[in-house]
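I have placed the structure first, in the form of structure tokens, so that the comments after it can refer back to it.
In what follows, every chain begins at residue 1, and chains take the letters A, B, ... in the order their sequences are listed.
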Protein chains: 2
Amino acid sequence: MPVTELLPLTDVTACCAPLTREPLGAADAEALAKTLKALADPARLRLISMVAAHDGHEACVCDLIEPLGLSQPTVSHHLKILVDAGLLSRDKRGVWAYYALVPGALDAVAAVFATV
Amino acid sequence: MPVTELLPLTDVTACCAPLTREPLGAADAEALAKTLKALADPARLRLISMVAAHDGHEACVCDLIEPLGLSQPTVSHHLKILVDAGLLSRDKRGVWAYYALVPGALDAVAAVFATV
DNA sequence: CCCAGACATTGACAGTTGTCGATGTCTTGA
DNA sequence: TCAAGACATCGACAACTGTCAATGTCTGGG
């Protein structure tokens with residue numbers, strides 16, 4: 001009898017040791033840049049923030065369109081980018097698609113920039 | 001008699017409260033995205049990493065061109081973007097331009113993504 | 001005064017990105 | 001079976017980005 005499993009789609013570590021510890025290899029730099037590109041957009045930052053602040057730490061697309069002020073296709077587009085980057089998860093329940101933060105994903109990004 | 005001052009060009013705080021605390025305003029999102037766009041490039045991530053790992057925590061352009069494998073104008077271009085974003089500082093001494101990490105700048109970025 | 005060298009700036013070009021309207025795909029309820 | 005609605009995908013377009021070759025600017029040495 002399988003226990004309900006929550007397999008993270010991506011590793012919790014963003015890619016590499018903290019930036020200031022040792023020179024970044026080309027491959028690690030590429031991977032980290034890909035994650036940061038997903039974050040480096042005002043709409044996507046607000047989406048992450050809105051999802052985190054929502055009840056139950058998840059939100060459906062219909063909750064996000066109006067406060068964000070962008071069209072529905074554009075919101076879906078941004079959400080897809082965040083899911084592909086391993087930052088958000090998507091859970092379709094009935095007609096609605098619920099998006100939630102992937103646990104640890106943001107902490108992994110924070111760890112890369114920590115200098116302590 | 002003025003003491004030698006080291007005025008940080010940008011505030012140490014990246015822009016705002018941690019992403020997961022409260023929904024991000026449009027203006028804050030724009031500002032944070034600008035900083036992240038500066039970071040979201042493999043060449044620039046490696047430049048930051050190389051500068052941090054270099055002796056004295058600073059490096060001139062000539063130290064960076066060969067290990068990065070890009071042309072000199074391109075390296076100068078990336079360094080300018082990092083300086084404009086408040087992440088690196090530039091200090092021209094004689095013929096050489098020395099780049100160094102702005103203290104606290106990366107920590108401010110890390111703080112935005114910290115979920116503790 | 002002029003030359004060499006370190007670095008910045010300019011101009012050009014291909015590739016990527018954010019946005020929207022139109023359309024497609026499912027699911028639910030009647 | 002059908003219609004409505006939530007969401008995804010597609011196609012198009014303007015704006016932005018990374019890169020290099022060519023050129024400009026400044027500094028130190030002879």
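- Base engagement by A:His77 is indicated by at least one non-hydrogen atom pair under 4.0 Å involving a base atom.
- Using a 4.0 Å heavy-atom criterion, one finds that B:Tyr99 contacts the sugar-phosphate atoms exclusively.
- With DNA chain D read from its 5' end, the first of the two nearest nucleotides for A:Tyr98 and B:Ile81 is the one closest to A:Tyr98.
- DNA chain C is contacted by both A:Val75 and B:Pro73; B:Pro73 maps to the nucleotide lying nearer its 5′ end (nearest heavy atom per residue).
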Checklist entry - A:Leu87 and A:Val102: side chain to side chain contact (heavy atoms under 4.5 Å, CB included), yes or no, with the steps? => result CA-CA 5 Å; A:Leu87 297 165; A:Val102 169; 5.9 Å; no
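- Taking all atoms of both residues into account, the shortest heavy-atom contact from B:Leu19 to A:Ile48 is CD1-CG2, 3.9 Å.
- Remark: P of D:dG18 and CG of B:Leu70 are 11 Å apart, rounded to the nearest angstrom.
- For the pair B:Leu82 CG and D:dT17 P, the computed distance is 14 Å after rounding to whole Å.
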Checklist entry - Can you give one letter per nucleotide of nucleotides 25-30 of chain C, 5' to 3': B if a protein heavy atom sits under 4.0 Å from the base, S if only from the sugar-phosphate, - if neither? => result --SS--
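- Applying the 4.0 Å criterion to OP1 and OP2 of D:dT17, one finds that B:His78 has every side-chain N and O outside that range.
- In this structure, the NZ atom of B:Lys80 is 13 Å from the C1' atom of C:dT10, given to the nearest Å.
- Residue whose closest nucleotide on DNA chain D sits further toward the 5' end, between B:Gln72 and A:Gln72: A:Gln72.
- A donor-acceptor contact shorter than 3.5 Å links the side chain of B:Arg46 to the backbone of A:Leu24.
- With hydrogens and angles ignored, the 3.5 Å screen pairs a side-chain donor or acceptor of B:Ser49 with a backbone N or O of A:Glu22.
- Minimum interatomic distance between B:Leu45 and A:Ala33 (heavy atoms only, all atoms of both residues): CD1-N, 3.6 Å.
- Residue B:Arg90 has a polar side-chain atom (N or O) positioned under 4.0 Å from OP1 or OP2 of C:dA8.
- Contact between the side-chain N/O atoms of A:Thr74 and the OP1/OP2 oxygens of C:dT19 is not found at any separation under 4.0 Å.
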Checklist entry - Given B:Tyr99 and B:Leu47, is the side chain to side chain contact (heavy atoms under 4.5 Å, CB included) satisfied, shown in steps? => result CA-CA 10 Å; B:Tyr99 289 85; B:Leu47 282 174; over 6 Å; no
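- Of the residues in residues 23-50 of chain B, none lies under 4.0 Å from DNA chain C by heavy-atom distance.
- Here the side chains of A:Leu64 and A:Leu79 are in contact, with some heavy-atom distance below 4.5 Å.
- The 12-atom threshold is exceeded at NZ of B:Lys37, counting heavy atoms of other residues, nucleotides or ligands nearer than 6.0 Å.
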